[in-house]
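Structure first, then comments.
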Amino acid sequence: DNLSQTVWRSDEIDALQGLMALSPPVQTLDAVYVLMAANEGANVELVSLSPSTGEVQWRLHMGEATSFRNCSWNMVTPSMNLLADGDRLFALTNNGALLRVNTQTRQIDWALKLVNPVEGSGNNHRIISVDLQAIRPVNGSMRLYGGVLYLKEARSNRMYAVQTETGELLWDQSANV
């Protein structure tokens with residue numbers, strides 16, 4: 001009995017051909033969400049996929065990704081993060097913005113501009129997550145507690161607290177220790 005079987009793969013879905021994932025997928029009861037862009041990475045879309053078939057349920061244009069120079073001075077598109085909370089998704093661009101999307105209305109509720117990340121610091125301000133198996137870089141981080149979203153972008157030296165209903169910035173602090 002093999003309980004883990006592949007149900008679908010994104011590279012086998014015609015509607016996703018030519019797109020690259022900019023975020024890890026986030027699954028809810030009725031959808032799998034991922035931020036994707038064409039291979040050049042400019043037009044970012046939130047894509048809602050059926051968990052059972054992988055079919056595209058809907059897409060939402062999220063904006064333009066701005067490439068940056070990493071610590072090796074190569075131009076790269078930032079990896080992004082998603083966090084699900086009921087019918088809301090929080091998208092952290094790791095490039096100076098936080099957006100809240102209502103998955104029922106399929107619209108951006110609000111967007112918050114953050115302090116621009118440090119140019120050329122692609123690996124300098126990453127959070128390191130330690131587990132028993134490995135030490136690995138994490139591209140930014142978001143945690144939700146009591147109606148407040150706490151976050152840090154991968155290339156930033158700032159931490160933020162944001163009120164989730166309104167997008168109001170409650171505070172931001174230097175993450176330098």
Side-chain angles (χ1 to χ4, degrees), residues 1-66 76-112 114 126-154 160 162-167:
D1 282 308
N2 184 0
L3 296 178
S4 66
Q5 295 180 351
T6 302
V7 178
W8 54 266
R9 292 181 2 186
S10 62
D11 62 345
E12 297 173 344
I13 299 171
D14 289 340
L16 300 179
Q17 297 305 308
L19 298 177
M20 65 179 179
L22 298 177
S23 71
V26 171
Q27 184 171 357
T28 63
L29 291 176
D30 57 348
V32 174
Y33 298 100
V34 65
L35 291 167
M36 302 189 88
N39 289 332
E40 64 274 0
N43 291 314
V44 178
E45 290 185 327
L46 175 63
V47 180
S48 171
L49 304 167
S50 164
S52 59
T53 66
E55 287 183 42
V56 174
Q57 298 177 129
W58 53 268
R59 292 176 167 192
L60 175 64
H61 180 72
M62 298 287 284
E64 306 292 319
T66 303
V76 294
T77 301
S79 296
M80 300 179 183
N81 296 72
L82 285 173
L83 177 71
D85 180 40
D87 62 358
R88 304 178 303 179
L89 280 177
F90 298 94
L92 181 62
T93 67
N94 286 316
N95 208 15
L98 172 69
L99 298 92
R100 188 181 89 174
V101 174
N102 183 314
T103 59
Q104 297 301 309
T105 63
R106 302 176 185 173
Q107 294 181 340
I108 297 172
D109 289 334
W110 52 256
L112 178 65
L114 306 171
R126 288 191 175 186
I127 297 170
I128 300 297
S129 172
V130 180
D131 60 29
L132 296 177
Q133 306 301 318
I135 297 175
R136 55 188 167 80
V138 177
N139 288 319
S141 183
M142 292 186 285
R143 298 292 181 266
L144 185 60
Y145 182 76
V148 177
L149 185 66
Y150 300 92
L151 60 109
K152 181 194 172 299
E153 288 196 303
Y160 302 89
V162 177
Q163 205 286 331
T164 59
E165 287 304 312
T166 63

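Quantities reported herein were computed from a predicted structural model and do not represent experimental measurements.
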From [X] atom [atom1] to [Y] atom [atom2], the distance as rounded to the nearest 0.5 Å:
| X | Y | atom1 | atom2 | answer |
| --- | --- | --- | --- | --- |
| Lys152 | Tyr160 | NZ | OH | 9.5 Å |
| Ser10 | Gln17 | OG | CD | 8.0 Å |
| Leu99 | Thr93 | CG | OG1 | 7.0 Å |
| Leu112 | Phe90 | CG | CZ | 11.5 Å |
| Leu144 | Leu151 | CG | CG | 11.0 Å |
| Thr53 | Ile13 | OG1 | CD1 | 7.0 Å |

So which heavy atom on [X] is nearest to which on [Y], and how close?
| X | Y | result |
| --- | --- | --- |
| Met36 | Ala21 | CE-N, 4.1 Å |
| Arg59 | Ala15 | NH2-O, 2.6 Å |
| Leu46 | Leu82 | CD1-CD1, 4.1 Å |
| Pro24 | Met80 | CD-O, 3.5 Å |
| Thr164 | Trp110 | O-NE1, 3.3 Å |
| Pro51 | Trp8 | O-NE1, 2.9 Å |

- Report the C-alpha distance between Leu92 and Leu114 in whole Å, list the side-chain angles of each, state the deciding distance to 0.1 Å, and finish with yes or no for side-chain contact (heavy atoms from CB on, under 4.5 Å). CA-CA 10 Å; Leu92 181 62; Leu114 306 171; 4.1 Å; yes
- Message: Checking Asp11 now: which residues fulfil salt bridge (charged side-chain N to carboxylate O under 4.0 Å, His left out) with it, not counting sequence neighbours?
- Response: Arg9
- Asp85: salt bridge (charged side-chain N to carboxylate O under 4.0 Å, His left out) partners, not counting sequence neighbours: Arg88
- Query: Are the side chain of Glu153 and the backbone N or O of Gly96 linked by a donor-acceptor pair below 3.5 Å?
  - Reply: yes
- Query: Would you say the side-chain atoms of Ser23 pair up with the backbone N or O of Leu35, donor to acceptor, closer than 3.5 Å?
  - Reply: yes
- Set of residues satisfying side chain to side chain contact (heavy atoms under 4.5 Å, CB included) with respect to Gln107, sequence neighbours excluded: Thr105
- Hits for side chain to side chain contact (heavy atoms under 4.5 Å, CB included) against Pro25, two or more places apart or cross-chain, chain-then-number order -> Val32
- Does anything in residues 97-108 pair up under salt bridge (Lys or Arg N to Asp or Glu O under 4.0 Å), and if so which pairs, sequence neighbours excluded? Arg100-Asp109, Arg100-Glu165
- Qualifying salt bridge (Lys or Arg N to Asp or Glu O under 4.0 Å) pairs, either residue in residues 18-33, two or more places apart: none
- Determine, step by step, whether Val26 and Leu83 satisfy the side-chain contact (heavy atoms from CB on, under 4.5 Å) criterion, reporting the C-alpha distance in whole Å, the side-chain angles of both residues, the deciding distance to 0.1 Å, and the verdict. CA-CA 7 Å; Val26 171; Leu83 177 71; over 6 Å; no
